Amino acid sequence: MQVNIHEAKTHLSRLIKRALAGEEVIIAKRRKPLVRLEVIASEDEAPRLGAARGLVLRMDDDFDDPLPEFAPYEPVDTSE
């Protein structure tokens with residue numbers, strides 16, 4: 001939804017409720033979008049362990065192999 005600045009000032013509480021409900025709220029000036037109301041994630045919410053379970057479906061066997069692009073940066077064995 002897009003509203004003008006005057007309407008946003010008049011109905012700010014209502015617009016905040018709509019943004020909290022997941023609706024995109026854009027404030028415009030002369031029909032040109034200026035700002036978007038965005039919900040800020042609560043810092044009280046701790047990350048849930050295991051929330052990404054099942055995200056990686058498969059991993060190649062060579063996943064941990066060294067990358068050729070980094071060969072110049074690998075340590076040189078000077079024990080000889």
Side-chain angles (χ1 to χ4, degrees):
M1 106 179 288
Q2 183 170 307
V3 297
N4 63 35
I5 294 174
H6 177 71
E7 186 178 358
K9 289 192 298 187
T10 305
H11 301 289
L12 183 59
S13 296
R14 177 177 59 95
L15 296 173
I16 290 173
K17 286 180 185 177
R18 293 179 86 156
L20 288 170
E23 187 173 341
E24 181 180 52
V25 178
I26 297 175
I27 301 172
K29 182 176 184 179
R30 296 184 184 150
R31 297 185 183 149
K32 180 182 175 190
L34 294 178
V35 296
R36 178 185 301 119
L37 289 181
E38 184 176 342
V39 178
I40 298 174
S42 173
E43 293 180 13
D44 297 341
E45 295 178 16
R48 292 181 330 156
L49 296 177
R53 182 169 298 174
L55 186 64
V56 177
L57 301 177
R58 139 188 112 71
M59 189 177 300
D60 289 336
D61 293 333
D62 65 348
F63 179 78
D64 291 324
D65 291 353
L67 296 173
E69 301 89 40
F70 290 101
Y73 304 104
E74 291 180 5
V76 178
D77 186 15
T78 59
S79 62
E80 295 177 4

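Only this structure's heavy atoms are used, side chains among them; waters, hydrogens and symmetry mates stay out. In this text the structure is predicted, and so the values were computed from the model without any measurement.
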* To do: Among Ile, Leu, Val, Met, Phe, Trp and Tyr joined by side-chain contacts under 4.5 Å, find the other residues sharing a cluster with Leu15 and list them by chain and number.
  => Met1, Val3, Ile5, Val25, Ile27, Leu34, Val35, Leu37
* Asked: With a cutoff of under 4.5 Å between side-chain heavy atoms, which Ile, Leu, Val, Met, Phe, Trp and Tyr residues group with Met59?
  -> Val56, Phe63
* Asked: CD of Glu38: more than 12 outside heavy atoms within 6.0 angstrom?
  -> no
* To do: Output all residues satisfying salt bridge (charged side-chain N to carboxylate O under 4.0 Å, His left out) with Asp62, sequence neighbours left out; order by chain, then residue number.
  => none
* To do: Hydrophobic side-chain clustering at under 4.5 Å (ILVMFWY, transitive links): who's grouped with Leu57? Put none if nobody.
  => none
* What distance separates Ile16 CD1 from Leu12 CG, expressed to the nearest 0.5 Å? -> 4.0 Å
* Structure fact -> Heavy-atom closest pair (Pro68 atom, Pro72 atom, distance to 0.1 Å) is O-CD, 4.2 Å
* Who pairs with Phe70 by side chain to side chain contact (heavy atoms under 4.5 Å, CB included), at least two apart in sequence or on another chain? -> Leu67, Tyr73
* To do: Sequence neighbours left out, what pairs pass salt bridge (Lys or Arg N to Asp or Glu O under 4.0 Å) with at least one residue falling in residues 25-35?
  => none
* Structure fact -> Across all chains, not counting sequence neighbours, the side chain to side chain contact (heavy atoms under 4.5 Å, CB included) partners of Pro33 are Gln2, Ile26
* **Over 12 non-hydrogen atoms of neighbours within 6.0 angstrom of CZ in Arg36** => no
* Set of residues satisfying side chain to side chain contact (heavy atoms under 4.5 Å, CB included) with respect to Lys17, sequence neighbours excluded -> none
